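Below is one structure, written out as structure tokens; the observations come after it.
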Amino acid sequence: GAGVSQSPSNKVTEKGKDVELRCDPISGHTALYWYRQSLGQGLEFLIYFQGNSAPDKSGLPSDRFSAERTGGSVSTLTIQRTQQEDSAVYLCASSLAQGDNYGYTFGSGTRLTVV
Amino acid sequence: RKEVEQDPGPFNVPEGATVAFNCTYSNSASQSFFWYRQDCRKEPKLLMSVYSSGNEDGRFTAQLNRASQYISLLIRDSKLSDSATYLCVVTYTGGFKTIFGAGTRLFVKA
């Protein structure tokens with residue numbers, strides 16, 4: 001597609017439930033990133049995929065968070081046993097290659113609310 | 001000290017004004033620099049890259065000062081539609097590391 005597509009756009013879930021967030025990057029973009037942004041805060045890096053290399057998971061806040069990228073394209077971010085502090089906008093971005101000299105294109109995000 | 005620091009603002013300016021934002025970074029190995037714009041409740045969007053020689057895109061001018069480790073964004077003839085949060089972004093070579101600043105809020109008023 002023309003842009004980065006994320007789904008769902010909004011998700012309300014009960015505390016303790018698992019959620020899956022999906023990101024479909026721009027075709028041909030080898031690098032894919034997940035960030036989250038709490039209300040009024042900056043972007044917090046979560047995880048980065050580059051081609052077939054092992055992902056950089058250094059930003060995942062706990063072992064309840066995991067992500068995969070199938071076939072070098074679509075990525076799924078899974079949050080298990082959600083907590084209220086997980087409420088945020090989860091943003092996915094892709095770029096042609098590793099971030100240097102290439103800007104990112106962000107999806108419109110998934111707004112997650114844990115009640 | 002944060003790796004990328006920005007004045008959070010807000011900057012409140014009248015239409016037509018010139019406004020400048022600075023962003024400082026702590027790692028001298030920083031390689032690439034960008035300014036992003038984020039509208040309220042929207043995703044960030046790339047505004048412009050920042051090149052060593054400085055670059056201009058219409059009313060927007062970006063500068064890089066490697067010696068002092070800061071980048072700047074100058075907006076001339078501000079428009080109401082320029083109201084947004086401006087994010088400074090710094091990346092490094094040799095491995096993935098991209099740092100987003102927390103952003104500077106700009107309000108342009110009629």
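None of the values given here were measured: they were computed from a predicted structure. Chain A is the first sequence line, chain B the second, and so forth, proteins listed ahead of strands; every chain is numbered from 1.
- Under the 4.5 Å side-chain contact rule for hydrophobic residues, A:Y35 and B:L46 share a cluster.
- B:Q38 touches chain A through its side chain: at least one heavy atom from C-beta onward sits under 4.5 Å away, while N, CA, C and O do not.
- Proximity to chain A involves both the backbone and the side chain of B:R41, based on heavy atoms less than 4.5 angstrom apart.
- By the rule that hydrophobic residues join a cluster once side-chain heavy atoms approach within less than 4.5 Å of another member, B:W35 and B:F60 end up as members of one cluster.
- In summary, the aromatic rings of B:F100 and B:Y36 are positioned with their centroids under 6.0 Å apart.
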Legend entry - Stepwise salt bridge (charged side-chain N to carboxylate O under 4.0 Å, His left out) test for A:R64 and A:D86: CA-CA 10 Å; A:R64 296 186 295 106; A:D86 299 335; 2.8 Å; yes

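- For B:I99, no part sits under 4.5 Å from any heavy atom of chain A, backbone or side chain.
- Of the atoms belonging to A:Q37, it is side-chain heavy atoms, and not backbone ones, that fall under 4.5 Å from chain B.
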